[in-house]
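In the text below, chain A, chain B and the rest are named by the order of the sequence lines, each starting its count at 1. Note that these values count all heavy atoms, side chains included, but never hydrogens, waters or copies made by symmetry.
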Amino acid sequence: MANETNNFAELIAHCKEYGYIFQSSEIYDGLAAVYDYGQNGAQLKKNIRDYWWKSMTQLHDNIVGIDAAIFMHPTTWKASGHVDNFSDPMIDNKDSNKRYRVDHLIEAYAEALALEGKKEEEFALLKNMDALLAVSDYAGLKQLIIDNNIKCAISKTCNWTDVREFNLMFSTQIGSVAEESNTIYLRPETAQGIFVNFLNVQKTGRMKIPFGIAQTGKAFRNEIVARQFIFRMREFEQMEMQFFIRPGSQMEWYNFWKEERKRWHESLGVPAEKLRFHDHIKLAHYADAALDIEFEFPFGWKELEGIHSRTDFDLTQHQTYSKKKIQYFDNDIDPQTGKAYGNYVPYVLETSVGLDRLFLTIMSLAYAEEKWTKEDGTEDSRVILRIPAKIAPTKLAILPLLKKDGLPEIAKELMNDCKGSFMCFYEEKDAIGKRYRRMDAIGTPFCVTIDHQTKEDNTVTIRYRDDMRQERIALSDVKNLVLQLIS
RNA sequence: GCGGAAGUAGCUCAUUUGGUAGAGCGCGACCUUGCCAAGGUCGAGGUGGCCGGUUCGAGCCCGGUCUUCCGCUCCA
């Protein structure tokens with residue numbers, strides 16, 4: 001199949017046209033950075049999620065899955081650091097368009113005052129700022145900046161916007177009365193639902209370290225700008241696993257999961273040369289090592305999955321804030337001391353994939369436009385989604401060659417036999433070639449055609465999406481062959 | 001958030017300077033056909049993204065707004 005093209009804009013259009021992804025609330029002009037999955041997209045997404053869930057829980061005897069609520073006690077986000085790190089007053093310079101954190105801007109100016117020996121002015125300024133920050137007086141903060149004639153380092157002007165708070169967490173009220181104390185957040189990450197359930201799972205599941213807790217679910221971030229289709233959305237789905245380990249063993253497990261997760265992506269047909277590791281130089285407040293598994297998207301190398309060594313930060317924080325002891329008693333013998341390891345707060349190794357990003361990865365690899373010259377010299381083409389058979393939304397199309405002569409009856413019987421085992425699609429409209437092309441466009445890997453010969457010898461034609469090859473097989477073998485090909 | 005470009009039928013696009021909106025493909029029904037996008041007949045589908053202004057009259061001119069794409073910015 002020569003002459004393939006792969007264009008991101010065409011992929012986005014294809015996703016809409018064939019029921020994979022629609023813009024949210026499109027009839028009302030849409031909602032920025034929010035998307036809906038259509039009939040085919042929802043099934044593909046579910047298949048990817050199921051494949052991940054199975055590989056984590058069913059195939060690892062020391063990993064179990066949970067499903068925590070999106071709403072969590074507000075103190076969760078104080079403990080995790082999200083309240084402090086996710087919400088800062090910001091101000092923009094209108095001339096340079098440069099955005100500053102207000103406290104950083106004022107502190108930098110105070111430092112300059114100190115260098116000039118104006119210690120008293122520096123002290124007064126910082127005291128003023130702290131007082132205003134404490135009561136979230138944004139107008140006062142702006143006035144403070146203007147009164148001190150604090151300038152933008154780039155434009156050298158004092159032309160500022162109003163001070164605004166950019167909180168990346170969405171908030172809402174729980175209960176019917178909107179009071180300050182009732183404010184809760186939509187979780188900005190799923191991880192905390194695992195950490196707060198550490199003791200529940202460890203005790204009720206009698207889990208022994210090392211063990212993991214897996215979870216898939218929605219998370220929400222009020223991104224300042226969100227772009228690149230479903231790559232960065234306000235509402236997105238994570239698939240993550242927190243692996244609880246002995247302190248000191250984190251680098252061993254970091255390296256283990258790093259390789260394990262890359263191999264997993266390759267098992268979904270992602271070519272090794274399209275994946276790479278990107279080590280974090282600047283680490284987040286909770287991590288002692290972190291890397292991204294990046295994929296070469298149509299718009300460049302971007303994060304697909306994060307591997308983070310989170311140390312005992314999260315469990316220790318929850319222990320402090322909840323005043324509940326979150327520890328593990330390890331009976332195994334430490335070869336160094338000859339005694340049991342004893343009580344400790346476990347370390348955590350996190351693997352976290354963006355399900356929507358993985359969906360986009362699969363789609364960008366699958367989408368292709370093929371052109372070729374037929375035997376009679378004319379040009380032919382097709383649009384195809386080469387989605388791996390094991391995650392394709394529809395596995396098998398069952399097509400009677402004619403909608404008469406008893407062929408639909410045989411086809412429907414096969415449909416009834418197969419539909420309990422995998423997703424099937426039945427179609428008797430239009431010429432057979434046209435029906436094949438429609439299946440190519442939504443990524444159905446196999447088509448079976450029932451014709452007059454079927455009535456004579458109980459054989460059918462199976463047609464393969466990827467190479468358009470056809471072969472004759474027994475009608476009774478169809479289900480088992482497809483089951484074998486999608487496993 | 002800033003700058004640039006765009007928005008007409010499900011899709012791709014026409015509608016030359018303002019004068020009551022069209023095609024191809026696709027979609028539905030019927031007829032004909034039957035192994036890789038066949039043919040015929042009929043049909044459904046648009047208050048031109050939305051709101052406002054100028055004008056006798058706006059898809060076209062002006063303002064605002066929403067959304068998308070590209071470049072910055074942001075992304076604990």
* With rounding to whole Å, what would you report as the distance between B/C56 and B/C51 at their P atoms? -> 23 Å
* To do: Establish, with yes or no, whether the OP1 or OP2 oxygen of B/G34 is under 4.0 angstrom from a side-chain nitrogen or oxygen of A/Lys434.
  => no
* Nearest-nucleotide 5' precedence on RNA chain B, A/Ala13 against A/Arg435 -> A/Ala13
* Asked: To the nearest angstrom, how far is A/Phe231 atom CZ from B/C70 atom P?
  -> 13 Å
* Nearest to the side chain of A/Ala431 - B/C69, B/A38, B/C36? -> B/A38
* **Distance, P atom - from B/G63 to B/G4, rounded to whole angstrom** => 13 Å
* Derivation of the ring-ring contact (aromatic ring centres under 6.0 Å, His included) call for A/Phe229 and A/Phe299 -> CA-CA 11 Å; A/Phe229 198 36; A/Phe299 42 84; 9.5 Å; no
* Asked: What is the ring orientation for A/Phe297 with A/Phe295, classed by angle as parallel under 30°, tilted 30 to 60°, or perpendicular over 60°?
  -> perpendicular
* To do: Using the C1' atom on both, measure B/U8 against B/G22 and round to a whole Å.
  => 11 Å
* **Distance in angstrom units between A/Glu17 CD and B/G10 P, rounded** => 11 Å
* Any salt bridge between A/Asp430 and A/Arg437, counting N to O under 4.0 Å? -> no
* **Proximity to the side chain of A/Leu402 - top-ranked nucleotide from B/C36, B/G26, B/G34** => B/G34
* Asked: Can you tell me how far OG1 of A/Thr75 sits from CD of A/Gln317, rounded to the nearest 0.5 angstrom?
  -> 12.5 Å
* Take atom P in B/U16 and the same atom in B/C27, then report the distance between them in whole Å. => 31 Å
* Asked: Reckon A/Gln23 has a side-chain N or O less than 4.0 Å from the OP1 or OP2 of B/U68?
  -> yes
* Structure fact -> Contacts of A/Glu428 and A/Ala441 projected onto RNA chain B by closest heavy atom; the upstream (5') one is A/Glu428
* To do: Apply the side-chain contact (heavy atoms from CB on, under 4.5 Å) test between A/Val353 and each candidate in A/Met239, A/Gln238, A/Glu240; give the one that qualifies.
  => A/Met239
* Spacing of the C1' atoms in B/G24 and B/C62 (rounded, Å) -> 35 Å
* Whole-Å gap separating P (B/G34) and NZ (A/Lys404) -> 8 Å
* Asked: What nucleic acid atoms does A/Asp440 come within less than 4.0 Å of, heavy atoms only: base, sugar-phosphate, or nothing?
  -> nothing
* Pairwise P distance, B/C72 and B/G28 [rounded to whole Å] -> 44 Å
* Asked: So what does A/Arg438 touch, heavy atoms closer than 4.0 Å: a base, only the sugar-phosphate, or nothing?
  -> sugar-phosphate
* Can you figure out which of B/A38, B/G34, B/C36 approaches the side chain of A/Arg437 most closely? => B/C36
* Asked: Mind checking the C1' distance from B/G45 to B/G39? Whole angstroms is fine.
  -> 24 Å
* Asked: A/Ile21 has an atom CD1; how far is it from atom P of B/C69, in whole Å?
  -> 12 Å
* Counting just side-chain N and O atoms, does A/Lys16 come under 4.0 Å of either OP1 or OP2 of B/C11? -> yes
* Given B/G28, is OP1 or OP2 found less than 4.0 Å from the side-chain N or O atoms of A/Lys429? -> yes
* Asked: What is the distance, rounded to the nearest whole Å, between atom CZ of A/Phe229 and atom P of B/C70?
  -> 12 Å
* Asked: What is the distance, rounded to the nearest whole Å, between atom CD of A/Glu303 and atom C1' of B/C74?
  -> 15 Å
* Please name the residue in the list A/Arg357, A/Lys46, A/Lys218, A/Arg49 that meets the salt bridge (Lys or Arg N to Asp or Glu O under 4.0 Å) test with A/Glu237. => A/Arg49
* In whole angstrom, give me the gap between the P atoms of B/A58 and B/C75. => 48 Å
